[in-house]
Every structure is written in structure tokens, then in C-alpha cells.
Protein chains: 2
Amino acid sequence: MHYDTLKSILKAGGASLTQPRKIIFDLMLNQGPQSMQVLVRRAKDKVDRATVYRTIELFERLGIVRRLNIGWKYKIELTDAFSGHHHHMYCTNCGRVFDLPDNPMLETMIDTVAAKSGFSPRGHQLEVYGLCANCSKA
Amino acid sequence: MHYDTLKSILKAGGASLTQPRKIIFDLMLNQGPQSMQVLVRRAKDKVDRATVYRTIELFERLGIVRRLNIGWKYKIELTDAFSGHHHHMYCTNCGRVFDLPDNPMLETMIDTVAAKSGFSPRGHQLEVYGLCANCSKA
DNA sequence: GCTGAATTTGCAAATTTGTCGCAATTTAAT
DNA sequence: ATTAAATTGCGACAAATTTGCAAATTCAGC
Ligand SMILES: [Mn+2]
Ligand SMILES: [Mn+2]
Ligand SMILES: [Zn+2]
Ligand SMILES: [Zn+2]
């Protein structure tokens with residue numbers, strides 16, 4: 001189970017795998033990007049609002065979760081440690097979010113371009129906007 | 001002046017170029033990414049808070065403004081129509097945001113990868129995280 | 001330039017979102 | 001089991017965002 005990975009990341013960050021953290025993690029596993037509002041609402045009655053925020057803040061700091069700039073409010077999903085590295089395609093027509101399969105060529109080029117400006121890239125995030133295959137037809 | 005472009009975009013969207021909208025636009029021209037909080041604060045005494053939000057919402061819908069997923073809260077800046085197409089590098093150490101010069105090779109590759117999944121790309125957004133040249137040395 | 005319909009704004013109130021301190025609980029190590 | 005440290009839930013709070021609506025602005029047609 002992913003709890004092992006989760007636990008080791010937490011431990012490495014000097015934090016422990018607690019019940020609320022397990023619950024929040026479960027609420028993200030096998031879910032696409034979701035907004036904080038939704039997450040907080042889904043955690044209601046199980047985990048306190050403040051704890052959800054504190055947990056996501058911790059998760060983000062430890063790289064367990066990442067924020068996406070999709071839709072009007074930001075959304076979150078688990079990082080590459082729990083789902084392979086990928087980017088997103090957001091259909092501006094139907095609003096659905098699709099995963100863009102990883103492309104090694106693209107990855108290296110992004111790093112190269114960043115390095116060209118003297119930057120030491122650690123990671124990146126790419127979102128493509130447009131029409132999904134379905135909406136393109138109409 | 002950019003007001004012409006602005007006005008035509010607004011007109012095309014069935015909206016008009018009003019005083020408050022001019023003011024808010026001016027507050028973004030030649031500015032890097034800024035948070036809503038900052039924008040609202042800077043607009044204070046000139047444009048009402050509610051109007052700033054309504055305007056930015058409109059601006060985003062019409063593609064005059066775009067949101068960036070940088071820092072803990074999202075930031076906004078004018079779109080390519082008012083500043084050349086570019087991406088961003090965010091230094092996780094000093095928090096500064098740098099513009100990543102446009103790279104045609106990269107641009108086409110992004111479109112290609114997206115198209116490979118049957119998607120019709122209209123635009124995209126890329127943010128690189130890492131250490132800026134300065135912080136890399138230390 | 002006026003006029004009127006439609007759009008947009010400011011204002012004030014309400015709601016939602018996010019934060020904070022702290023006592024009670026849970027966790028991890030002995 | 002005992003204990004110290006970390007974490008949680010619970011208000012209460014502060015900040016951010018939304019909403020309804022009357023007044024003001026915009027703009028097209030005269
Ligand atoms: Mn995804
Ligand atoms: Mn920029
Ligand atoms: Zn679609
Ligand atoms: Zn730096």
C-alpha cells in the first residue's frame with residue numbers, strides 16, 4: 001500500500017503518519033484534481049477544517065501534494081510520488097481535466113530552457129488549455 | 001496605446017471599456033504577477049473591491065488576464081496579448097519570479113504532445129520551480 | 001449633443017475561506 | 001506503561017470573496 005511511501009516521506013520530514021493524515025491522503029488517492037473546498041467538505045465529520053488546511057500545507061511542503069492552476073479556484077492532487085509524472089489538459093468547453101502522458105523529450109527540453117537562464121530547475125508544472133477530442137468534433 | 005486592443009477584446013465579448021476597467025488594466029500594465037490581495041489594495045479608493053473581483057473575472061474569461069500558480073496564493077498578470085508569450089521560473093529559495101524567454105522549439109513540442117492525445121491545444125501555461133542563478137551559488 | 005435601455009458600479013451585508021491559540025488527544029520512543 | 005513531543009479539534013477570529021440592489025455610467029440611435 002502507499003502508506004509506506006507516505007510514512008517514509010513524513011518521517012523524513014520529521015512528521016508522523018496520523019489518523020487524520022491517513023484519512024486526507026485516502027481522500028486524494030485515485031482522485032483527479034480537486035479543490036480545497038471540495039476536500040474540506042468531503043473530510044467534514046472526519047477531520048476538522050483547520051486540520052485539513054494544516055495537513056495540505058504540510059503535504060505540499062513535503063511534496064506529497066501539488067497545486068494545479070485549473071479552473072477558477074486552485075486544485076490539488078497527489079504528486080509524482082503517488083502517480084507518475086504528468087501534466088494536464090483542461091478542456092475549456094466541457095471543463096474536464098485530462099492527464100497528458102509523460103514525454104521524456106519534453107521534460108528534458110523544459111529543463112534545458114530553464115537552465116539556459118542560469119536557473120537550476122527542480123520541477124515544473126504544465127497545463128494545456130484547449131478542446132478535448134470530444135468537444136473538438138462539435 | 002493598449003486601450004485599443006483592450007477595447008476590442010471587451011467589445012468582442014459584449015462588454016464595454018469603462019473607467020474602472022481602465023484603471024484596473026493600468027494597474028497591471030508593466031507589472032509582474034501580483035496577487036488579488038495586492039491588486040485590490042492598490043485599487044483601493046479608486047475602484048471598489050467587488051468591482052475589482054468582477055473585473056478580473058471578466059478579464060480572465062476574455063483572456064485579458066491569466067492566473068499563475070506561483071506562491072501559496074495564486075497570482076495574475078496580463079496575457080500574451082499585452083506582453084509577449086512567456087513562462088515563469090519561481091525560485092523556491094528567495095521567492096522571486098523570473099520570466100522564461102520564449103522558446104519556439106518548446107512551444108511546438110508542447111502543442112505536439114497535446115495533439116498526440118487528440119486534444120486541440122489553444123494555449124498553455126508552464127511554471128518551473130527551482131533555484132535562481134543567485135540562490136544557486138549559495 | 002440628448003435620450004433611454006442596457007450595462008456596470010459602489011455600497012453594505014452576508015457568506016465563505018483561511019488562520020490562530022490553546023487545552024485535550026494522539027503518537028512514538030523508552 | 002510512562003512520558004515528552006507532536007498533532008488535533010474547537011472556538012473565535014480575521015481576511016477574502018460573493019451577492020442584491022439602487023444609483024451611475026456607457027453607448028447606440030436619434
Ligand atoms: Mn492528474
Ligand atoms: Mn510574466
Ligand atoms: Zn471537452
Ligand atoms: Zn532565488
Side-chain angles (χ1 to χ4, degrees), chain A residues 1 3-28 33-62 64-76, chain B residues 1 3-28 33-62 64-76:
Chain A
M1 182 52 77
Y3 284 157
D4 304 324
T5 315
L6 179 59
K7 183 161 195 172
S8 71
I9 294 179
L10 284 168
K11 176 161 288 186
S16 38
L17 178 52
T18 64
Q19 277 315 332
R21 285 171 188 171
K22 266 187 193 173
I23 293 172
I24 292 170
F25 180 80
D26 286 344
L27 287 174
M28 310 201 65
Q34 60 189 312
S35 64
M36 280 302 289
Q37 288 103 303
V38 166
L39 182 62
V40 167
R41 195 180 325 131
R42 293 211 299 140
K44 193 97 188 292
D45 299 333
K46 296 190 205 172
V47 184
D48 184 75
R49 183 160 40 110
T51 301
V52 176
Y53 280 106
R54 286 187 286 227
T55 300
I56 291 300
E57 188 185 354
L58 172 72
F59 278 13
E60 207 206 11
R61 184 154 47 79
L62 299 183
I64 294 166
V65 135
R66 65 169 172 166
R67 276 180 309 137
L68 306 177
N69 195 18
I70 284 170
W72 177 233
K73 295 288 171 53
Y74 67 79
K75 292 183 166 57
I76 50 181
Chain B
M1 181 54 75
Y3 284 156
D4 304 324
T5 316
L6 179 59
K7 183 161 196 170
S8 72
I9 295 179
L10 284 168
K11 178 160 286 184
S16 38
L17 178 53
T18 66
Q19 277 315 332
R21 284 170 188 171
K22 267 187 192 172
I23 293 172
I24 291 169
F25 179 80
D26 285 342
L27 286 174
M28 309 201 65
Q34 58 188 316
S35 64
M36 280 301 289
Q37 289 102 305
V38 166
L39 182 62
V40 167
R41 195 180 324 133
R42 292 211 299 140
K44 194 95 188 292
D45 300 333
K46 297 191 204 171
V47 184
D48 185 75
R49 188 160 29 111
T51 302
V52 176
Y53 280 105
R54 285 187 286 227
T55 301
I56 291 300
E57 188 185 354
L58 172 72
F59 277 12
E60 207 208 8
R61 183 154 48 78
L62 299 183
I64 294 166
V65 134
R66 64 170 172 163
R67 276 180 310 136
L68 306 176
N69 195 17
I70 282 170
W72 177 235
K73 297 286 170 53
Y74 66 79
K75 293 183 163 57
I76 52 180

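Chain letters run A, B, ... following the sequence lines, proteins first and then strands; every chain starts at 1.
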(message) Does B/Arg54 contact C/dG10 through a side-chain donor or acceptor facing the base, at a distance under 3.5 Å?
(response) yes

(message) If I take atom NZ in residue A/Lys44 and atom C1' in nucleotide C/dT17, what distance separates them, rounded to the nearest angstrom?
(response) 14 Å

(request) Kindly indicate whether the side chain of B/Lys7, heavy atoms from C-beta on, has any atom under 4.5 Å from the side chain of B/Leu10. (result) no

(message) If you define the side chain from C-beta out and look only at heavy atoms, does anything of B/Val47 sit under 4.5 Å from B/Arg54?
(response) no

(message) It should be established whether A/Thr18 places a side-chain nitrogen or oxygen under 4.0 Å from OP1 or OP2 of nucleotide C/dT27.
(response) no

(request) Take the protein atom CD1 of A/Ile23 and the nucleotide atom P of D/dT7, then report the distance between them rounded to whole Å. (result) 16 Å

(request) Please examine the side chains of A/Leu17 and A/Lys11, heavy atoms only from C-beta on, and report whether any two atoms are closer than 4.5 Å. (result) no

(request) Identify, between A/Leu17 and B/Thr55, the residue whose nearest nucleotide on DNA chain C lies closer to the 5' end. (result) B/Thr55

(message) Between the base of D/dG11 and the side chain of A/Arg49, is one N or O donor paired with an acceptor at under 3.5 angstrom?
(response) no

(request) Grab the CD1-C1' distance between B/Ile24 and C/dT9 for me, whole Å please. (result) 11 Å

(message) Please compare B/Asp48 and B/Lys11 by the position of their nearest nucleotide in DNA chain D and report the one closer to 5'.
(response) B/Asp48

(request) Take the protein atom NZ of A/Lys22 and the nucleotide atom C1' of C/dA28, then report the distance between them rounded to whole Å. (result) 14 Å

(request) Send over the distance from B/Ile56 CD1 to D/dA16 P, rounded to a whole Å. (result) 16 Å

(message) Whole angstroms only, please: what is the CG-P distance between A/Asp45 and D/dG9?
(response) 12 Å

(request) Hey, can you tell me if A/Phe59 and A/Phe25 have their rings parallel, tilted or perpendicular (30° and 60° cut-offs)? (result) perpendicular

(message) Please confirm whether the shortest side-chain N or O distance from B/Tyr53 to OP1 or OP2 of D/dT17 is below 4.0 Å.
(response) yes

(request) State, to 0.1 Å, how close B/Arg21 and B/Ala15 come at their nearest heavy-atom pair, and which atoms those are. (result) NH1-CB, 3.7 Å

(message) Rounded to whole Å, please give me the gap between CG in B/Leu39 and P in D/dA16.
(response) 13 Å

(message) Both B/Lys7 and A/Ser16 contact DNA chain D. Which one's nearest nucleotide lies toward the 5' end?
(response) A/Ser16

(request) Considering just the side-chain nitrogens and oxygens of B/Gln19, establish if one lies under 4.0 Å of OP1 or OP2 belonging to D/dT25. (result) no

(request) Using whole Å, report how far NZ of A/Lys46 lies from P of D/dT8. (result) 16 Å

